Amino acid sequence: VQLQASGGGLVQTGGSLRLSCVASGRTFTFSEYVMGWFRQAPGKERKFVAAISWSGGSTFYIDSVKGRFTISRDNVENTVYLQMNNLKPEDTAVYYCAARYTTTQPTGVMNHMDYWGKGTLVTVSS
């Protein structure tokens with residue numbers, strides 16, 4: 001299974017970015033996985049940001065990104081997105097997408113994921 005994230009870059013405070021993560025694998029059925037985004041700021045541990053259920057009908061966000069970030073997915077294109085608006089310097093981090101094989105809807109911070117992508121760097125300048 002491969003998760004390839006893209007879309008990171010340098011943006012000014014208040015700007016927007018859209019991250020994408022394409023999943024692939026011979027035995028990987030994208031619609032059977034909850035997908036999540038995590039981030040790791042410089043010198044800090046990797047932390048959960050948002051997750052979306054297999055159908056896309058349920059989402060969960062950490063408080064600091066609610067109202068600014070939107071997670072979505074396309075089960076035909078095997079892609080999960082993270083639309084990030086009104087970016088702040090504290091959003092600067094390497095962003096990772098991840099997948100967990102479960103039919104349970106995300107209702108809180110997810111700690112265990114089955115597969116991880118390599119990450120894409122988001123830098124927000126002040």
Side-chain angles (χ1 to χ4, degrees):
V1 175
Q2 289 188 332
L3 302 177
Q4 183 63 53
S6 62
L10 174 64
V11 64
Q12 292 185 334
T13 296
S16 298
L17 283 174
R18 189 194 196 199
L19 305 183
S20 300
C21 175
V22 179
S24 62
R26 198 169 60 174
T27 60
F28 182 77
T29 303
F30 184 71
S31 59
E32 294 178 341
Y33 287 77
V34 166
M35 298 300 296
W37 285 97
F38 294 71
R39 65 186 180 186
Q40 186 170 18
K44 297 187 177 181
E45 294 183 350
R46 186 165 56 190
K47 294 186 177 180
F48 171 86
V49 175
I52 187 167
S53 64
W54 64 273
S55 68
S58 178
T59 58
F60 183 85
Y61 302 89
I62 57 172
D63 286 345
S64 61
V65 306
K66 282 181 182 177
R68 299 190 299 122
F69 290 12
T70 301
I71 187 171
S72 61
R73 67 190 294 161
D74 183 333
N75 286 350
V76 174
E77 298 295 330
N78 286 7
T79 303
V80 61
Y81 304 98
L82 187 67
Q83 177 66 44
M84 305 185 295
N85 298 328
N86 191 22
L87 283 161
K88 304 176 181 181
E90 51 264 42
D91 295 318
T92 294
V94 176
Y95 283 72
Y96 299 87
C97 63
R100 181 176 179 181
Y101 183 70
T102 179
T103 57
T104 303
Q105 295 182 351
T107 58
V109 172
M110 299 185 71
N111 295 311
H112 170 74
M113 305 300 281
D114 297 316
Y115 301 105
W116 293 88
K118 287 188 177 181
T120 184
L121 176 63
V122 172
T123 304
V124 185
S125 63
S126 57

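All values derive from a computational prediction rather than experimental measurement. For the single chain, residues carry numbers from 1 onward in sequence order.
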Participant: State the CG-CZ distance between Asn111 and Phe48, to the nearest 0.5 angstrom.
Facilitator: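 Reported value, rounded in 0.5 Å steps: 9.0 Å.
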
Participant: Hey, are the side chains of Phe69 and Leu82 touching, using non-hydrogen atoms and a 4.5 Å cut-off?
Facilitator: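 Yes; the side chains approach each other to less than 4.5 Å.
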
Participant: Among residues at least two apart in sequence or on other chains, which ones pass salt bridge (charged side-chain N to carboxylate O under 4.0 Å, His left out) with Arg39?
Facilitator: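 If we apply the salt bridge (charged side-chain N to carboxylate O under 4.0 Å, His left out) test to Arg39, skipping adjacent residues, the hits are Asp91.
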
Participant: Mind checking what makes side-chain contact (heavy atoms from CB on, under 4.5 Å) contact with Glu90, not counting sequence neighbours?
Facilitator: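 Once residues adjacent in sequence are excluded, the partners of Glu90 under the side-chain contact (heavy atoms from CB on, under 4.5 Å) criterion are Lys88.
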
Participant: For residues 72-86, pull every pair meeting salt bridge (Lys or Arg N to Asp or Glu O under 4.0 Å), keeping only residues two or more places apart or in separate chains.
Facilitator: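 Non-adjacent pairs meeting salt bridge (Lys or Arg N to Asp or Glu O under 4.0 Å): zero.
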
Participant: Check the angle between the aromatic planes of Phe28 and Tyr115 and answer parallel, tilted or perpendicular using the 30° and 60° thresholds.
Facilitator: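 Plane angle over 60°, so perpendicular.
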
Participant: Ignoring hydrogens and angles, tell me if any N or O in the side chain of Tyr61 forms a donor-acceptor pair with the backbone of Ile71 under 3.5 Å.
Facilitator: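 Flag set: sc Tyr61 to bb Ile71 pair under 3.5 Å.
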
Participant: Restricting to side-chain contact (heavy atoms from CB on, under 4.5 Å), what partner residues turn up for Thr92, sequence neighbours left out?
Facilitator: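 In terms of side-chain contact (heavy atoms from CB on, under 4.5 Å), with neighbours along the sequence ignored, Thr92 is linked to Thr123, Val124.
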
Participant: Apply side-chain contact (heavy atoms from CB on, under 4.5 Å) to Ser72 and list each qualifying residue two or more places apart in sequence or on a separate chain.
Facilitator: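 Ser72 satisfies side-chain contact (heavy atoms from CB on, under 4.5 Å) with Tyr81 once adjacent residues are dropped.
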
Participant: Show the atom names and distances, to 0.1 Å, of all donor-acceptor pairs under 3.5 Å that link a side chain in residues 2-24 to residues at least two apart or in another chain.
Facilitator:
from, atom 1, to, atom 2, distance (Å)
Thr13, OG1, Ser125, O, 2.8
Ser16, OG, Asn85, OD1, 2.9

Participant: For a quick test of reading the model, state the closest non-hydrogen atom pair linking Ala99 to Tyr33 and the distance between them.
Facilitator: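 Between these two residues, the closest heavy atoms are CB-CD2, 3.8 Å.
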
Participant: According to salt bridge (charged side-chain N to carboxylate O under 4.0 Å, His left out), who are the partners of Lys44, at least two apart in sequence or on a separate chain?
Facilitator: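 So Lys44 forms no salt bridge (charged side-chain N to carboxylate O under 4.0 Å, His left out) with any residue.
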
Participant: Under the 3.5 angstrom rule, does the side chain of Asn75 hit a backbone N or O of Trp54 as a donor-acceptor pair?
Facilitator: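 Yes; judged by distance alone, with no hydrogens or angles, the pair exists.
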
Participant: According to the disulfide bond (SG atoms under 2.5 Å apart) rule, which pairs have a member within residues 52-90, sequence neighbours left out?
Facilitator: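 As it turns out, there is no disulfide bond (SG atoms under 2.5 Å apart) pair with a partner in residues 52-90 once direct neighbours are skipped.
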
Participant: For residues 23-71, which residue pairs pass the disulfide bond (SG atoms under 2.5 Å apart) check, not counting sequence neighbours?
Facilitator: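 As it turns out, there is no disulfide bond (SG atoms under 2.5 Å apart) pair with a partner in residues 23-71 once direct neighbours are skipped.
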
Participant: For Ala51 and Val34, work out which heavy atoms get closest and say how close.
Facilitator: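 So the minimum-distance heavy-atom pair works out to CB-CG1, 4.3 Å.
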
Participant: Any side-chain heavy atom of Phe30 sitting closer than 4.5 Å to one from Met35?
Facilitator: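 SC-SC contact between Phe30 and Met35 confirmed.
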
Participant: Got a sec, which residues hit side-chain contact (heavy atoms from CB on, under 4.5 Å) with Ala98, two or more places apart in sequence or on another chain?
Facilitator: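 side-chain contact (heavy atoms from CB on, under 4.5 Å) list for Ala98, sorted by chain: Phe38, Met113, Trp116.
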
Participant: Write out all pairs satisfying disulfide bond (SG atoms under 2.5 Å apart) with one or both partners inside residues 54-88, taking only residues at least two apart or from two chains.
Facilitator: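 Non-adjacent pairs meeting disulfide bond (SG atoms under 2.5 Å apart): zero.
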
Participant: For Asp63, give me all partners under side chain to side chain donor-acceptor pair (under 3.5 Å), at least two apart in sequence or on another chain.
Facilitator: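 Expected list: Lys66.
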
